[in-house]
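Presented below is the structure to which this report refers.
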Number of protein chains: 2
Amino acid sequence: MFIMSSPSGAGKTTISRMLLERDAHICMSVSCTTRPPRPGEVDGKDYHFVSQAEFDRMVADEEFLEWATVFGNSYGTPKAQVKAGLKEGQDYLFDIDWQGTQQLYQKLERDVVRVFLLPPSIDELRRRLTGRGTDSEDVIAARMERARSEISHWDGYDYVVVNDDIDACFDKVREILAAERMRRARQTGLIGFVRELMTP
Amino acid sequence: MFIMSSPSGAGKTTISRMLLERDAHICMSVSCTTRPPRPGEVDGKDYHFVSQAEFDRMVADEEFLEWATVFGNSYGTPKAQVKAGLKEGQDYLFDIDWQGTQQLYQKLERDVVRVFLLPPSIDELRRRLTGRGTDSEDVIAARMERARSEISHWDGYDYVVVNDDIDACFDKVREILAAERMRRARQTGLIGFVRELMTP
């Protein structure tokens, strides 16, 4: 479970997309949501669309790895799907905030790798959050405040990458993923090979 | 402190040399030894040559990160030198066996990254340990036994890399080193930057 968090405006969405496109062994899990499908969204592919009652039951039965309610809609990552995938060597990318990260870490600490992306500078962060210049100062100030709040939780992550160049940042994220896949504890496929090497 | 261990014949010496040549931020520490200098060896560069009495005093005063006696000669890594280097951002490569690894890990757990190299197959290991074909079966059998014994401690390492191709293996070792340098806990230089990002 490869978690990437960042304040909005630090390039997380771009890096996530690049990773999903170029690495065949990582995918995103299909979340459950109580929000109605948008045109073109397919149940079971984009989301599992469930009723609020069903969602509440899943929360009560601890069927989610993490869940959150945003603007009145609930979103959750089903535990069963991810656990089955991990067993088969499938890696999962999570594009979540620090609270979701904490929930995941508490549940499956050993399977979690946490990466935090930082913007290259405060000026660049402000530029990215200013958008097309059509938003009011208040809206921008609120975005900056949310970004600062997210950054304040950077110490809950294993790795930190400063995104001052999108390709360099992507290479770094890929190096982290490659290294974590070489961890002995994850290379369960080697156990038989090592046993063979040790047989006189 | 970047530790590489492997049974002899798994390519550790080659990988170490490549790393020292191509990565300016990693070096080997200068060890102390009680063995007499060989022609051309320079005191303070190849080794610190010390008397047995001085070595024993350093052991008693816990001045070594790890030490061992091999064929009657003692070798040790001075703690002060490495600790000072680490503070300045210098990385150190250690080409040591599982016992030295344990000693280092017990002393400076947080600063240690442990990598174990495996040979590609039992046949290839035997081929590499057979040498030029001039050694007796007994000598080869003893080497194989030592290799097996070293391999049996592979579970004391953070990362495992199978060396089936020297360049691919080197790239993997470099990825591990690159990733470990991105660990938040090692990026103390970012603390000021993050504080700045969080200032309204």
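Chain letters run A, B, ... following the sequence lines, proteins first and then strands; every chain starts at 1.
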Next on the checklist: What part of A:P119 gets within 4.5 angstrom of chain B, counting heavy atoms only: side chain, backbone, both, or neither?
Outcome noted: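 For A:P119, heavy atoms of backbone and side chain both lie under 4.5 Å from chain B.
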Item to check | Side chain / backbone / both / neither for A:I191 at chain B, heavy atoms under 4.5 Å | outcome: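 Contact with chain B: backbone and side chain both.
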Next on the checklist: Other members of the hydrophobic cluster containing A:V42, with the 4.5 Å side-chain heavy-atom rule, please.
Outcome noted: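 Its cluster partners, ordered by chain and number, are none at all.
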Which atom pairs, one donor and one acceptor, sit under 3.5 Å between chain A and chain B?
from	atom 1	to	atom 2	distance (Å)
A:D155	O	B:R184	NE	3.3
A:D155	O	B:R184	NH2	3.2
A:Y157	O	B:R184	NE	2.9
A:D158	O	B:R184	N	2.9
A:Y159	OH	B:R183	NH2	3.0
A:V160	N	B:M182	O	3.1
A:V160	O	B:Q187	NE2	2.6
A:E180	OE2	B:R183	NH2	3.3
A:M182	O	B:V160	N	3.1
A:R183	NH2	B:Y159	OH	3.0
A:R183	NH2	B:E180	OE2	3.3
A:R184	N	B:D158	O	2.9
A:R184	NE	B:D155	O	3.3
A:R184	NE	B:Y157	O	2.9
A:R184	NH2	B:D155	O	3.1
A:Q187	NE2	B:V160	O	2.6

Checklist entry - With B:F55, which residues qualify under ring-ring contact (aromatic ring centres under 6.0 Å, His included), at least two apart? => result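 Here the qualifying residues are B:F64.
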Considering only heavy atoms and a distance below 4.5 Å, find which of [options] pairs most often with chain B.
options                      : answer
A:A141, A:P120, A:P7, A:A147 : A:P120
A:M198, A:M182, A:M144       : A:M182
A:V160, A:L190, A:L125       : A:V160
A:I122, A:V162, A:V115       : A:I122

Item to check | ring-ring contact (aromatic ring centres under 6.0 Å, His included): pairs with one or both residues in residues 164-200 of chain A, sequence neighbours excluded | outcome: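 Qualifying pairs: none.
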Checklist entry - What part of B:V173 gets closer than 4.5 Å to chain A, counting heavy atoms only: side chain, backbone, both or neither? => result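 No part of B:V173 comes within 4.5 Å of chain A.
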Checklist entry - After noting the C-alpha distance and the side-chain angles of B:L118 and B:V161, does the key distance pass the side-chain contact (heavy atoms from CB on, under 4.5 Å) rule? => result CA-CA 6 Å; B:L118 284 173; B:V161 181; over 6 Å; no
Checklist entry - Taking atom CZ of A:F2 and atom CD1 of A:I26, what is their separation to the nearest 0.5 Å? => result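 If I round to the nearest 0.5 Å, the distance is 6.0 Å.
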